[in-house]
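The structure appears below as structure tokens.
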Amino acid sequence: MVAMQTPIEALLEEGRKFAPGEAFIQQANVKDHSIYEKAKQDLEGFWAEQAEQFVWFKKWDEVLKWECPWAQWFVGGELNITVNCIDRHLKTWRRNKAAFIWEGEPGEERVLTYADLHREVCKFANVLKRLGVMKGDRVALYLPMIPELPIAMLACARIGAPHTIVFGGFSAESLRDRINDAQAKVLVTADGGWRRGNIVPLKRNADEAVSQCPSIEQVVVVHRGVMDATHVPLHEGRDHWWHRLMEEAPLHCEPEPVDSEHPLYILYTSGTTAKPKGVVHTTAGYMVGCAATHRWIFDLKEEDVYWCTADIGWVTGHSYIVYGPLANGTTGVMYEGSPDYPAWDRWWSIIEKYGVTVLYTTPTAIRAFMRQGEGHPRRHDLSSLRLLGTVGEPINPEAWMWYREHIGGARCPVVDTWWQTETGMILISPLPGVTTTKPGSATTPFPGVEADVVDEQGRSVPLGGGGYLVLKKPWPAMLRTLYGDPDRYVQIYWSRFPGMYFTGDGCKRDKEGYFWLLGRVDDVMNVSGHRISTMEVESALVYHPDVAEAAVTGKAHDVKGQAITAFVTLKAGVQGTQEKVDELKKHVATKIGPLARPDDIFFTAELPKTRSGKIMRRLLRDIAEGRALGDTTTLADPTAVQHLREMYEEQEA
Ligand code: AMP
């Protein structure tokens with residue numbers, strides 16, 4: 001029933017268990033199970049207690065208004081998230097505590113204290129106002145991992161303008177589509193960024209995108225310094241240097257009071273159609289959910305040096321580099337570049353240099369490091385680490401064990417955290433002072449989260465069985481809608497099983513009730529922890545003048561989780577040469593971004609289709625992964641797929 005990418009039966013036989021150590025429990029933020037009971041008995045009271053810790057301009061009247069599938073949290077409340085992430089700390093000793101310790105790929109360092117952050121955010125908020133941005137207007141951010149990115153996000157939040165961040169690895173076309181969907185008024189970008197010693201041409205992509213984005217009125221350009229400023233073309237009347245605007249900006253900016261349910265941001269994520277989904281997160285519930293999960297799951301302490309290696313362009317960066325950590329007054333490390341630049345020990349040198357205590361990264365990165373061997377981490381003193389986290393895709397037990405032993409020195413708890421762009425906050429994860437972990441399992445739902453595994457009919461599957469992962473109660477950081485498309489929100493998440501949120505993930509529970517995530521059950525691939533829909537890549541391929549038809553599937557990959565394999569039917573008379581393969585790979589990378597570049601492209605005269613014309617990706621996956629072919633009875637022409645397999649094997653050889 002569920003498309004399996006992980007040999008789950010093998011996983012469930014995983015017998016290793018790691019109970020929290022006595023010393024860890026002693027100091028843990030959560031020391032026993034009572035928190036689960038408390039949340040179960042009074043969900044609203046549980047979250048209200050968390051919300052009490054923040055500064056409100058006006059307190060809420062009602063904790064939760066739930067008219068499935070429409071949720072409102074802290075109804076009637078008014079606040080500003082930047083007051084809670086920044087101003088609140090200025091009245092304490094945290095005023096001069098580092099909020100961010102930043103390192104650029106070429107090696108520069110910059111430290112921003114909470115007071116520095118406040119000043120920069122206020123100034124940029126004033127810049128945005130001067131450019132005509134008003135409460136409710138959308139601002140697009142297309143930046144590298146530099147301090148100006150969180151500054152710009154928070155500046156938007158300060159004036160109540162929802163931001164929409166487009167990951168710097170996305171192409172001009174992806175940027176254009178997202179800007180147009182969000183109807184953003186201002187774009188903030190940079191001359192470029194550094195990645196593995198190469199320049200990422202952000203301004204060039206932005207210019208290409210903006211030429212087809214009528215909603216954009218002004219563009220602000222950060223001079224990251226990858227190019228000489230005189231070589232960066234500025235469009236008269238539209239483009240402005242960030243540093244020039246900031247020179248004249250006043251230091252003070254009153255925070256705009258916004259309603260609890262005011263949209264904080266829109267973040268686009270892949271769906272099963274080519275059109276990305278604009279996930280809308282609002283203010284109060286999101287803040288409360290991110291802060292609590294961050295404090296408890298990462299056992300965050302005042303003295304911690306916390307490093308989440310994600311790019312802020314993904315939801316992990318939004319929730320666990322910016323909003324959650326700052327709400328908790330954390331010191332966070334931010335690194336601009338690639339993990340293997342100039343060598344494979346870059347991350348370990350960063351941990352040693354800044355004394356990182358908590359590290360949050362992805363299974364893809366861990367597997368890539370495993371391939372390079374233990375020598376790299378061994379050359380560095382990693383003894384400052386005390387807790388490790390992972391996110392983004394299922395982690396295989398070997399990678400989990402390697403992470404624990406070679407990075408965590410067998411002394412750090414490992415928290416495997418399951419969540420999604422839509423969920424806004426972590427929903428399934430160990431609490432490190434409480435949960436006995438099993439390598440490869442995200443363990444159990446966070447307090448107050450009601451997750452279940454159901455069958456095709458939506459009936460709960462008994463422990464030991466597998467099915468679809470659903471959520472049965474609202475949680476504060478949940479998405480509220482899809483931007484401009486509430487019907488699609490209802491259809492995608494709330495129609496499969498009435499009254500339940502459908503995650504799109506397959507999951508199995510063992511006899512002890514531990515959750516073992518299996519990956520996506522729809523047509524979305526998970527490449528290096530990032531969702532890319534098969535449709536997006538197919539659309540890009542058929543856009544090429546030589547391509548008649550294309551079908552794309554994810555294939556299990558040691559490092560990336562899934563690699564993209566494309567089956568392409570060329571137009572008559574076009575030769576399927578190696579040059580054509582390279583050209584098409586490049587074409588996809590330009591259309592969508594380098595992440596979406598297929599690893600393999602195979603040419604075929606025909607694609608396996610059902611009688612209704614739907615391409616059977618399941619069979620393509622079987623072919624790509626060398627498995628026996630599944631049920632072929634619904635195929636219009638069952639011989640075609642056999643023929644395809646023979647061709648595939650021939651081309652691969
Ligand atoms: P995204 O919204 O792009 O962050 O992707 C969310 C998807 O990533 C989920 O629906 C899962 O398929 C996968 N995912 C995230 N975290 C985990 C995890 N800890 N274990 C297994 N899969 C995960």
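In listed order, ligands and their atoms are each counted from 1.
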R480 (side chain) donor-acceptor with V280 (main chain) under 3.5 angstrom: no
Heavy-atom closest contact (Q183 atom, N180 atom, distance): NE2-O, 2.9 Å
Numbered atoms and elements of ligand 1 in range of W419, under 4.0 angstrom, heavy atoms: 6 (C), 9 (C), 15 (C), 16 (N)
Region of P394 engaging ligand 1 - heavy atom pairs below 4.0 Å: both
Numbered atoms and elements of ligand 1 in range of N526, under 4.0 angstrom, heavy atoms: 8 (O), 13 (C)
Exercise: identify the closest heavy-atom pair between Y489 and L482: CB-N, 3.7 Å
Charged tip of R178 within 45° of F170 ring normal and under 6.0 Å: yes
Side chain, backbone, both or neither: the part of D505 lying under 4.0 Å from ligand 1 by heavy atom: side chain
For atom 3 (O) of ligand 1, closest protein heavy-atom neighbour: R531 NE, 3.5 Å
Cationic N near anionic O, under 4.0 Å, R196 to D340: yes
Aromatic ring pairing F46/W296, orientation class (parallel under 30°, perpendicular over 60°, tilted between): tilted
Ring centers of F369, W348 separated by less than 6.0 Å: yes
N or O pair under 3.5 Å between T269 and ligand 1: no
Positive for side-chain contact (heavy atoms from CB on, under 4.5 Å) with W307, one of L385, T357, V333: V333
Under 3.5 Å: N/O of G392 near N/O of ligand 1: yes
Ligand 1-proximal atoms of W314, by part, heavy-atom distance under 4.0 Å: neither
Geometric class of the H163/H318 ring pair [parallel <30°, tilted 30-60°, perpendicular >60°]: tilted
Under 4.0 Å to a heavy atom of T421 - the qualifying atoms of ligand 1, by number: 1 (P), 2 (O), 3 (O), 4 (O)
Contact (N/O only, under 3.5 Å) between Q420 and ligand 1: yes
E393 to ligand 1, any heavy atom closer than 4.0 Å: yes
Sub-3.5 Å N/O-N/O distance, T417 and ligand 1: yes
Nearest protein heavy atom with distance in Å, relative to atom 10 (O) of ligand 1: R520 NH1, 2.8 Å
